[in-house]
J.: 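To start, I am sharing the structure in question, which I have written as structure tokens.
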Number of protein chains: 2
Amino acid sequence: MTAVLPLALRSAKESVEPTLRSAVARLDVDTRRVAEYHFGWSDVHGAPTDAGGKALRPAMALAATEIACGEPELGVAGAAAVELVHNFSLLHDDVMDGDTSRRHRPTAWTAFGSSAAILAGDALLAVAPEVLLESASPHASVAVRSLSATTRVLIAGQAADLDFEKRTDVDLTECLSMAHDKTAALLACACSIGPLSAGAPRGKVRALHGYGTELGMAFQLVDDLLGLWGDPEVTGKPVLSDLRTRKKSVPVVHALTSGTTAGERLSELYEQTEPLTEEQLHEAAEMVRRAGSEDWTRRECRRRLERAEAALEAGSLGDTAALGELAEFIVRRKL
Amino acid sequence: MTAVLPLALRSAKESVEPTLRSAVARLDVDTRRVAEYHFGWSDVHGAPTDAGGKALRPAMALAATEIACGEPELGVAGAAAVELVHNFSLLHDDVMDGDTSRRHRPTAWTAFGSSAAILAGDALLAVAPEVLLESASPHASVAVRSLSATTRVLIAGQAADLDFEKRTDVDLTECLSMAHDKTAALLACACSIGPLSAGAPRGKVRALHGYGTELGMAFQLVDDLLGLWGDPEVTGKPVLSDLRTRKKSVPVVHALTSGTTAGERLSELYEQTEPLTEEQLHEAAEMVRRAGSEDWTRRECRRRLERAEAALEAGSLGDTAALGELAEFIVRRKL
């Protein structure tokens with residue numbers, strides 16, 4: 001997959017990683033080790049590795065800043081701050097969800113214990129405003145407020161996700177709202193925080209925020225399809241992983257609430273107390289298809305991408321090819 | 001105990017609680033409920049109660065702001081932000097330490113589950129910079145940076161505390177450093193954040209920060225003595241509670257590293273695999289006394305209070321009686 005990584009991703013990593021590393025270097029030695037492991041910079045023993053994530057949000061932040069302000073470097077602090085908040089949420093979500101593997105490695109709590117992972121997440125959240133306010137931009141505090149507000153939305157999304165696990169009556173509106181809170185809100189922040197902290201005109205900031213929201217929804221829908229039919233080599237998760245854990249993802253909830261016979265059968269399988277057998281997993285996936293939910297999700301994904309384009313055009317932003325290339329990469333991930 | 005509460009504590013609660021409540025009101029409904037329960041504003045079902053904490057840090061923040069700037073109201077945002085960070089740390093520490101009771105009620109994680117308590121802590125941490133930056137003071141961002149740096153120290157302290165549980169070779173210097181990080185650093189921030197965000201002269205801010213550090217150390221030493229010989233009615237914890245959990249508090253570590261026969265006997269008890277019997281608990285407490293560690297802790301506490309006074313005097317702050325009354329209350333809590 002590395003071969004098709006857009007240049008923007010590689011160069012964002014290079015531009016933003018020094019800021020991230022210097023933020024993490026301020027943490028106490030124990031917490032720093034957990035954070036560096038989580039970022040893929042070191043192994044469990046602290047030896048350097050190169051297993052980092054894709055730096056998607058930093059890349060969006062830099063591309064958006066370049067488009068709105070002409071200078072991508074003005075977005076570095078915002079890009080780093082968003083990446084810190086993103087990784088705070090990954091560290092804590094993995095503890096809450098009991099997920100044992102991420103980016104083909106044991107999750108931080110699996111390697112270091114829950115307490116250490118909670119503290120590492122706390123530390124990344126605490127350090128994010130510092131990174132922004134050190135940038136000496138007179139608009140940094142507006143950016144911090146935007147990031148804090150986004151973090152509240154992220155937390156609301158995770159709270160909803162946990163709540164959904166206990167319920168059998170989740171409807172599609174709630175489910176899409178959760179997808180917005182957990183994914184789209186931070187992508188919207190990533191696309192707007194650089195321009196915001198650089199003092200770009202309000203209309204441009206708003207357009208990029210709207211773009212990020214719609215793109216984030218598309219991103220989450222693709223992710224939901226990958227959770228059902230994604231190649232384990234690509235996703236790092238077993239086939240039909242979301243069905244195994246009976247996750248209430250968008251296509252699943254669409255099927256469950258479709259009023260079709262396939263949806264009813266899927267409900268039966270989701271309410272079964274015992275773990276689903278391999279045969280039942282394949283049957284469940286087939287029910288999502290038959291309920292028309294795979295098609296609906298793909299159509300919704302395309303609709304969101306069109307809305308993203310429209311949001312961008314409304315901002316009179318000139319050449320937005322750099323963002324387009326990243327968007328393309330995000331939604332064309334192999335299914 | 002309510003009868004002896006200094007006026008400053010009651011009035012700080014009245015001044016700061018509206019800001020705290022409006023910050024918490026921004027959270028999603030699930031997280032908000034957990035936070036309101038934790039703050040003692042509601043019961044598990046969301047019905048209003050009045051079981052809140054003492055608002056010690058807000059009271060210090062307002063008193064310090066009045067002393068440095070003449071107007072306590074200038075410290076309200078800082079006081080609220082520090083209280084949010086303090087409660088973030090309580091929520092997360094209770095999860096990590098497995099503590100089931102706080103302020104005579106079940107802890108938030110006991111009532112709502114670990115995930116909900118983790119999210120509530122996250123939300124309080126996320127909202128703290130927002131509260132400061134909304135205050136419209138041109139110095140708010142300096143205050144946010146100070147609060148973020150303090151939060152990192154707090155996290156370092158909790159990481160050290162968890163590390164100590166696994167070790168048998170903790171020395172007194174490390175132990176005092178942990179007490180600084182877990183307690184004194186946030187009290188120093190409480191005493192300086194109001195003046196800092198109001199743009200008070202640097203010398204005054206520094207003096208108040210120094211005062212808070214020393215007072216915080218004294219506060220922690222009193223707390224450690226209460227953990228050994230505190231009245232359960234006052235502490236809300238069983239007698240000899242720190243010995244039951246074999247906590248490595250300052251007097252305990254002083255005894256363990258005292259090179260005395262009593263210290264050696266205490267080591268044996270602390271290294272025993274089975275839970276300590278009531279008789280052994282009383283023996284352990286007696287060993288702390290015989291090692292001279294109760295006396296040493298009391299003396300160290302007095303020394304810290306003298307240093308706190310000296311720090312205050314160095315700041316040429318005029319009438320500091322309001323802070324003095326609070327300090328008195330803190331360290332004279334019934335043993």
Side-chain angles (χ1 to χ4, degrees), chain A residues 23 26-34 85 88-89 92-93 95-98 113-134 136 138 140-163 165-166 181, chain B residues 23 26-34 85 88-89 92-93 95-98 113-134 136 138 140-163 165-166 181:
Chain A
R26 285 174 216 177
L27 311 182
D28 64 275
V29 59
D30 294 323
T31 309
R32 177 180 177 174
R33 178 185 280 196
V34 181
V85 168
F88 136 76
S89 80
H92 283 194
D93 288 1
V95 170
M96 295 178 221
D97 302 341
S114 301
S115 298
I118 294 172
L119 285 174
D122 292 345
L124 300 188
L125 181 57
V127 91
E130 265 187 299
V131 169
L132 272 168
L133 293 168
E134 280 162 8
S141 63
V142 187
V144 171
R145 287 172 66 176
S146 165
L147 187 62
S148 287
T150 304
T151 307
R152 283 195 275 111
V153 176
L154 223 57
I155 290 166
Q158 173 67 2
D161 201 2
L162 294 171
D163 180 48
E165 279 176 21
K166 293 177 255 164
D181 293 354
Chain B
R26 287 174 213 177
L27 311 183
D28 65 275
V29 59
D30 294 323
T31 309
R32 177 180 177 174
R33 179 185 280 197
V34 181
V85 168
F88 135 76
S89 80
H92 283 194
D93 287 1
V95 170
M96 294 179 222
D97 302 341
S114 301
S115 297
I118 293 171
L119 286 173
D122 292 345
L124 300 188
L125 181 57
V127 90
E130 266 186 302
V131 168
L132 272 169
L133 293 168
E134 279 162 9
S141 63
V142 186
V144 171
R145 287 173 66 176
S146 164
L147 188 63
S148 288
T150 304
T151 308
R152 282 194 275 112
V153 176
L154 223 58
I155 290 166
Q158 173 67 3
D161 202 2
L162 295 171
D163 181 47
E165 280 176 19
K166 291 176 256 163
D181 293 355

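Residue numbers begin at 1 in each chain, while the letters A, B, ... track the order of the sequences.
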J.: Is chain A contacted by the side chain of Val85(B), its backbone, both, or neither, given a heavy-atom distance below 4.5 Å?
T.: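 No part of it gets close to chain A.
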J.: Against chain A, work out which of Thr151(B), Asp181(B), Asp93(B), Ile155(B) has the most heavy-atom pairs shorter than 4.5 Å and name it.
T.: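 Maximum pair count with chain A is reached by Ile155(B).
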J.: Quick check on Val95(A) against chain B: is it the side chain, the backbone, both or neither that has a heavy atom closer than 4.5 Å?
T.: side chain
J.: Taking every heavy-atom pair that is under 4.5 Å apart, which of Pro129(B), Ser148(B), Ser89(B) has the most such pairs with chain A?
T.: Ser148(B)
J.: Between Asp28(A) and Ala156(B), what is the shortest heavy-atom contact and its length?
T.: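 Closest pair (atom of Asp28(A), atom of Ala156(B), distance): OD1-CA, 3.3 Å.
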J.: With a 3.5 Å cut-off and sequence neighbours excluded, list the donor-acceptor pairs that the side chains of residues 119-127 of chain B form with protein atoms.
T.:
residue   : atom : partner  : partner atom : Å
Asp122(B) : OD1  : His92(A) : ND1          : 3.0
Asp122(B) : OD1  : His92(B) : NE2          : 3.4
Asp122(B) : OD2  : His92(A) : ND1          : 2.9

J.: Identify which part of Ala149(B) has an atom lying under 4.5 Å from any heavy atom of chain A, answering side chain, backbone, both or neither.
T.: both
J.: Which bit of Ser141(A) comes within less than 4.5 Å of chain B, counting heavy atoms only: side chain, backbone, both or neither?
T.: both
J.: Out of curiosity, Asp30(B) CG to Asp163(A) CG, how far, rounded to the nearest 0.5 Å?
T.: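 These two atoms lie 5.5 Å from each other.
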J.: Please list all pairs passing the salt bridge (Lys or Arg N to Asp or Glu O under 4.0 Å) test where one or both residues lie in residues 147-157 of chain A, with sequence neighbours left out.
T.: Arg152(A)-Glu130(B)
J.: Picking from Asp97(B), Leu154(B), Leu132(B), Ile118(B), which has the most non-hydrogen pairs under 4.5 angstrom with chain A?
T.: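 The answer is Ile118(B).
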J.: Under a 4.5 Å heavy-atom cut-off, does chain A meet the side chain of Arg32(B), its backbone, both or neither?
T.: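 Neither the backbone nor the side chain of Arg32(B) comes within 4.5 Å of chain A.
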J.: Need one label for Leu162(B): side chain, backbone, both or neither, based on atoms under 4.5 Å from any heavy atom in chain A.
T.: side chain
